Protein chains: 2
Amino acid sequence: MKLGIPHGEVEAFACPVTFTVEVIGGKWKSLILYHLMSGTRRFNELRRLMPEVTQRMLTLQLRELEADNVIARKVYREVPPKVEYSLTPLGLTLAPLISAMRDWGATHEHTILAYRENPKSDNSTDK
Amino acid sequence: MKLGIPHGEVEAFACPVTFTVEVIGGKWKSLILYHLMSGTRRFNELRRLMPEVTQRMLTLQLRELEADNVIARKVYREVPPKVEYSLTPLGLTLAPLISAMRDWGATHEHTILAYRENPKSDNSTDK
DNA sequence: CTGAATCCCGTAGGATACTG
DNA sequence: CAGTATCCTACGGGATTCAG
């Protein structure tokens, strides 16, 4: 995910939070990392785990994660081809974060979905 | 951030991770939450804390967070107007997550930026 | 001061087809 | 099997102006 930082500039980000968002902030990156937390996965394995992601987007996001050294891509020169993706040591350090995201979502998903359906209308207290 | 779920459908997401991404996955949402963790902030206060965010985007993302009951918006009917944003109890539960993002970024930012400049070229081990 | 309203654009992301 | 290669569109996001 590109931010407003000039290309090729090794410049400190305004805030570390912003940097983290840049690394795992893609639409599918967190989910990819989550599925890799349980072990090495082949390309089509990931596709099956995430049916909503198109093949193209999966490839792109995998490449971005690879470019940040968060995941490793290992190609087996066989027929048929085989490619395995796994977390790098750096990627492993993200595991607690991804787990926290999963836990938070599991805990509050229901409440938030309900709130969206029926938001509080009692702003009257302010008036 | 919209995902491929039909509007108005209170349907469980494929994975809680995806849901969390939807809530805090906007380009600036995590950063907004981070700044609200240190206390209530006025609109222009947030603008000053995040100069790269345009006024329009700040407003939009604040509204989305509000719609998910993650932040609260309190309007003081004065002249000049005054609006305060703060974390709701639900938003507070995100604090550990945001902190973890900040810590991770602070810890690994340098390494990753360096890696981007000079990625490993020794894929030769596989061949 | 805190927005809303417009206008505009780049690109993230989707659908589909083709390939080593 | 694991991708490219195109094509296309929606929306994220910027700049500017107007308003209560």
Side-chain angles (χ1 to χ4, degrees), chain A residues 1-7 14 18 21-32 35-36 40-67 71-86 123 126-127, chain B residues 1-7 14 18 21-32 35-36 40-67 71-86 123 126-127:
Chain A
M1 186 183 244
K2 290 237 185 64
L3 296 181
I5 306 294
H7 298 286
T18 304
V21 168
E22 201 207 355
V23 175
I24 66 171
K27 191 174 183 180
W28 307 108
K29 286 184 186 175
S30 316
L31 193 57
I32 292 173
H35 285 302
L36 289 182
T40 295
R41 300 284 184 193
R42 298 185 55 173
F43 186 78
N44 274 2
E45 232 178 322
L46 287 173
R47 288 196 68 186
R48 259 173 269 120
L49 289 169
M50 311 159 56
E52 334 88 84
V53 191
T54 62
Q55 190 179 36
R56 169 190 146 87
M57 285 320 295
L58 183 54
T59 302
L60 286 178
Q61 306 260 304
L62 283 169
R63 291 284 138 68
E64 288 187 26
L65 289 170
E66 191 191 358
I71 67 172
R73 176 171 179 268
K74 176 151 192 178
V75 183
Y76 295 82
R77 298 201 110 293
E78 310 170 347
V79 178
K82 176 171 146 189
V83 178
E84 283 184 349
Y85 292 93
S86 58
N123 304 0
D126 300 346
K127 305 196 82 176
Chain B
M1 188 183 245
K2 291 236 186 65
L3 296 181
I5 306 293
H7 297 287
T18 303
V21 168
E22 202 208 355
V23 174
I24 65 170
K27 190 174 182 181
W28 306 109
K29 286 184 186 174
S30 316
L31 193 56
I32 292 173
H35 286 302
L36 289 182
T40 295
R41 300 283 185 192
R42 299 185 54 174
F43 185 77
N44 274 1
E45 231 177 323
L46 287 173
R47 288 195 67 187
R48 259 173 268 121
L49 288 168
M50 311 160 56
E52 333 86 86
V53 191
T54 63
Q55 188 181 37
R56 170 187 146 89
M57 286 322 293
L58 183 55
T59 301
L60 287 178
Q61 306 261 305
L62 283 169
R63 289 294 187 283
E64 288 188 27
L65 288 170
E66 192 192 355
I71 67 172
R73 176 173 179 267
K74 175 150 193 179
V75 182
Y76 294 83
R77 299 201 108 293
E78 309 171 350
V79 178
K82 175 171 146 189
V83 180
E84 283 184 350
Y85 293 93
S86 60
N123 304 1
D126 300 346
K127 306 197 83 177

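Naming convention: chains lettered A, B, ... in sequence-line order (proteins, then strands); numbering from 1 in each chain. Everything numeric in this text was worked out from a predicted model, so none of it was measured.
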### Query
Checking all strands, does Glu84(B) fall into the base, sugar-phosphate, or nothing category for heavy-atom contacts under 4.0 angstrom?
nothing
### Query
How bent is the helix from dC1(C)-dG20(D) to dG20(C)-dC1(D), comparing axes over its five end pairs at each side, to the nearest 10°?
50°
#### Entry: For atom CZ of Arg63(A) and atom P of dA12(C), their distance in whole Å
16 Å
### Message
How many whole angstroms separate atom CZ of Arg73(A) from atom C1' of dC1(D)?
### Response
12 Å
### Query
Got a sec, which residues hit salt bridge (Lys or Arg N to Asp or Glu O under 4.0 Å) with Glu52(A), two or more places apart in sequence or on another chain?
none
### Task
Grab the CG-C1' distance between Leu58(B) and dT2(C) for me, whole Å please.
10 Å
### Query
Between dG3(C) atom C1' and Leu46(B) atom CG, what is the distance in whole Å?
13 Å
### Query
Taking OP1 and OP2 of dA2(D), is either one under 4.0 Å from a side-chain nitrogen or oxygen of Arg42(A)?
yes
### Message
For a quick check of understanding: with a heavy-atom distance under 4.0 Å over all strands, which category does Arg47(B) fall into, base, sugar-phosphate or nothing?
### Response
nothing
### Message
If I take atom CG from residue Leu65(B) and atom CG from residue Leu60(B), how far apart are they, to the nearest 0.5 angstrom?
### Response
11.0 Å
### Interatomic distance where NZ belongs to Lys82(B) and C1' belongs to dG3(C) [whole Å]
17 Å
### Query
Is any side-chain heavy atom of His35(B) less than 4.5 Å from a side-chain heavy atom of Met50(B)?
yes
### Listed partners of Glu45(A) passing side chain to side chain donor-acceptor pair (under 3.5 Å), at least two apart
Arg41(A)
### Message
Applying salt bridge (Lys or Arg N to Asp or Glu O under 4.0 Å), can you list everything that pairs with Arg56(A), at least two apart in sequence or on another chain?
### Response
none
### Query
Is there a side-chain contact between Val83(B) and Arg73(B), using heavy atoms and a 4.5 Å cut-off?
yes
### Query
Mind checking what makes side chain to side chain contact (heavy atoms under 4.5 Å, CB included) contact with Glu84(B), not counting sequence neighbours?
Thr40(B), Arg42(B), Tyr76(B), Lys82(B)
### Message
Does any part of the side chain of Leu58(B), heavy atoms only, come nearer than 4.5 Å to the side chain of Leu46(B), both counted from C-beta?
### Response
yes
### Query
How many angstroms lie between CH2 in Trp28(B) and CG in Leu62(B), if you round to the nearest 0.5 Å?
13.0 Å
### Task
To the nearest Å, give me how far apart CZ (Arg48(A)) and P (dA2(D)) are.
8 Å
### Message
From CZ of Arg41(A) over to C1' of dG3(D), roughly how many Å is that when rounded to an integer?
### Response
20 Å
### Task
Take atom CG of Leu60(B) and atom C1' of dA10(D), then tell me their distance rounded to the nearest Å.
15 Å
### Message
Between Tyr85(A) and dC1(D), is there a contact of a side-chain N or O with OP1 or OP2 at under 4.0 Å?
### Response
no
### Query
Where along nucleotides 14-20 of chain C does protein come under 4.0 Å, by heavy atom, of base (B) or sugar-phosphate alone (S), with - for untouched nucleotides?
BB-B--B
